[in-house]
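Both ligands and their constituent atoms are indexed starting at 1 by order of listing. None of the values given here were measured: they were computed from a predicted structure.
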Amino acid sequence: MAEVQYKVTGMSCGHCEASVRGEVSKLAGVEDVQVSAAAGTLKIVSTSALSDDAVIAAVDEAGYSAVRA
Ligand SMILES: [Cu+2]
């Protein structure tokens with residue numbers, strides 16, 4: 001299991017969290033996704049290490065920007 005955290009900018013409410021969670025959940029190997037709009041954080045638990053590019057692209061797809069925390 002691998003766990004990584006990102007800082008996400010632009011989220012303001014539960015819908016934003018759900019959008020990010022939905023996109024990130026599509027990535028292969030993702031087991032758990034925790035998103036906090038208030039804290040601007042994204043925590044991902046996956047069966048194997050994820051590429052930063054893939055995570056950042058998924059968050060971008062949801063309409064937000066992520067950087068590795
Ligand atoms: Cu929102």
Side-chain angles (χ1 to χ4, degrees):
M1 285 292 183
E3 187 175 316
V4 283
Q5 252 187 282
Y6 293 82
K7 296 294 286 181
V8 179
T9 52
M11 297 189 296
S12 57
C13 70
H15 290 106
C16 303
E17 293 174 347
S19 300
V20 170
R21 191 182 304 117
E23 290 299 331
V24 171
S25 295
K26 293 179 188 170
L27 298 173
V30 170
E31 294 276 307
D32 187 50
V33 182
Q34 288 171 45
V35 189
S36 169
T41 55
L42 163 64
K43 190 186 291 186
I44 307 168
V45 176
S46 56
T47 52
S48 57
L50 300 170
S51 93
D52 278 339
D53 285 351
V55 173
I56 289 165
V59 174
D60 186 68
E61 189 68 28
Y64 309 97
S65 302
V67 291
R68 185 77 175 257

L50 vs I44, test: side-chain contact (heavy atoms from CB on, under 4.5 Å). Steps then yes/no. CA-CA 9 Å; L50 300 170; I44 307 168; 3.6 Å; yes
Distance from K7 atom NZ to T41 atom OG1, nearest 0.5 Å? 6.5 Å
Min side-chain heavy-atom separation V4-V55 under 4.5 Å: no
Listed by chain and number, what are the salt bridge (Lys or Arg N to Asp or Glu O under 4.0 Å) partners of D60, not counting sequence neighbours? none
Considering residues at least two apart in sequence or located in another chain, which fulfil the salt bridge (Lys or Arg N to Asp or Glu O under 4.0 Å) criterion with E17? none
List in chain and number order the residues that pass side chain to side chain donor-acceptor pair (under 3.5 Å) with Q34, two or more places apart in sequence or in another chain; answer none if no residue qualifies. D32
Have a look around the Cu ion (ligand 1) and list protein N/O/S atoms under 2.8 Å, or say none.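 Listed by chain and number, the nearby protein N, O or S atoms are C13 SG, C16 SG.
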